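Here is the structure we will look at, set down as structure tokens.
Below, chain A is the first sequence line, B the second, and so on; all start at residue 1. The structure presented is a predicted model; accordingly, all values stated were derived computationally and were not measured.
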Number of protein chains: 2
Amino acid sequence: MEPRYTERSCAPVREVLARVGDKWSLLIVMNLGEGPLRFSELQRTIDGISQRMLTLTLRGLERDGFVQRTVYPTNPPKVEYALTPLGDSLRCPVNALGEWVRENLSAIQDARRDFEGERVEAAE
Amino acid sequence: MEPRYTERSCAPVREVLARVGDKWSLLIVMNLGEGPLRFSELQRTIDGISQRMLTLTLRGLERDGFVQRTVYPTNPPKVEYALTPLGDSLRCPVNALGEWVRENLSAIQDARRDFEGERVEAAE
DNA sequence: CAGCATCCCAACCGATACTG
DNA sequence: CAGTATCGGTTGGGATGCTG
């Protein structure tokens, strides 16, 4: 049993948190949770994402085994993205964290207000 | 009831994920989970963190109400950092995600190997 | 001891243009 | 349709030096 939390022990957890915490991954995973979508459908569904970031984020999710990419060799090409069982199972702890955020969001926002307030006060 | 996940609905969750998913926050929160530590103790405990990043990350955690900063006006000064009840309660869903990562880490690593393998194969 | 200020490099990300 | 390539602005983060 290790007595404290090390970079080694935390790094894999942090990597997953960083992936899901990046700008677009969460949105993609959650929207794919409703069912498979093709590239253009994702782009329409997720407001404001660029083609570049959609591609890059999907590649990252695919690389980690969260998303399955399926190409239908039609003309024009059709590519469908779906959550893998691994990606789907990730939704559970992520939803738990989402629940925690919803329950504590006002406390966080209050803390931010207080923090800014004290900074102003200290500056006077 | 909204039919799909929007930027608006995901943003607060993503913000918390991004904070905890950044390079150092998780390490700080987890180590403070064992009890309060002062600045220099944190820096010794967390291998490789720079003074600058320790300060910045602590400020961020303090701003969101996860960490309480207490200054003892001695000479030389002593500053102690501790988790707030809010910060402590965050450990629960984060640990759940940590548990998920431990259970699925090998699957993730396999996926990465496969992904790289297929890229090499495709390049041949 | 516990920081803040500065410099600097690397990664992230958006916009745009081009392609099988 | 589903990408890739390139450019440029913004942010993240390490190294160093200075201070109450």
Of the residues in residues 64-84 of chain B, which ones touch DNA chain D at a heavy-atom distance under 4.0 Å?
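Those residues are B:Pro77.
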Below 4.5 Å, heavy atoms only, C-beta onward: do [X] and [Y] meet side chain to side chain?
X	Y	result
A:Val29	A:Val20	no
A:Asp88	A:Phe66	no
B:Arg19	B:Leu61	yes
B:Thr55	B:Phe39	yes

Just by modelled atom types, is the [Y] backbone N or O under 3.5 Å from a matching donor or acceptor in the [X] side chain?
X	Y	answer
B:Thr57	B:Leu54	no
B:Asp22	B:Ala18	no
B:Thr84	B:Gly65	yes

Which residues pass the side-chain hydrogen bond (donor to acceptor under 3.5 Å, both in side chains) test with [X], sequence neighbours left out?
X	result
A:Arg38	none
A:Glu116	B:Arg63
A:Asn95	none
A:Trp100	B:Ser89

May I have all residue pairs that pass side-chain hydrogen bond (donor to acceptor under 3.5 Å, both in side chains) and include part of residues 42-54 of chain A, sequence neighbours excluded?
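Listed by first then second residue: nothing to list.
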Once you apply a heavy-atom cut-off of 4.0 Å, does B:Gln51 come out as touching a base, just sugar-phosphate, or nothing?
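Answer is base: heavy atoms of B:Gln51 come under 4.0 Å of a base.
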Touch class at under 4.0 angstrom, heavy-atom based, for B:Arg52 against every strand present:
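The residue B:Arg52 makes base contact.
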Tell me, please, the opening and closing nucleotides of DNA chain C, 5' to 3', among those with an atom under 4.0 angstrom from a non-hydrogen atom of chain A.
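Reading along DNA chain C, I get C:dC13 to C:dG20.
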Residues in side-chain contact (heavy atoms from CB on, under 4.5 Å) with A:Glu80, at least two apart?
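A:Glu80: side-chain contact (heavy atoms from CB on, under 4.5 Å) contacts with A:Pro36, A:Tyr72, A:Lys78.
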Set of residues satisfying salt bridge (charged side-chain N to carboxylate O under 4.0 Å, His left out) with respect to A:Arg102, sequence neighbours excluded:
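Expected list: A:Glu99.
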Quantified as the angle between the terminal helix axes (five pairs each), what is the overall bend of the helix from C:dC1-D:dG20 to C:dG20-D:dC1 to 10 degrees?
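What I find for the helix from C:dC1-D:dG20 to C:dG20-D:dC1 is an axis angle of 40°.
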Atom pair CG (A:Leu56) and CZ (A:Arg59), whose distance is rounded to the nearest 0.5 Å:
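Here the interatomic distance stands at 8.5 Å.
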Quick check on contacts: within residues 17-32 of chain B, what sits under 4.0 Å from DNA chain C by heavy-atom distance?
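Correct list: empty, so none.
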Please identify the 5'-most and 3'-most nucleotides of DNA chain D with any atom under 4.0 angstrom from a heavy atom of chain B.
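Nucleotide range in contact with chain B: D:dG13 to D:dG20.
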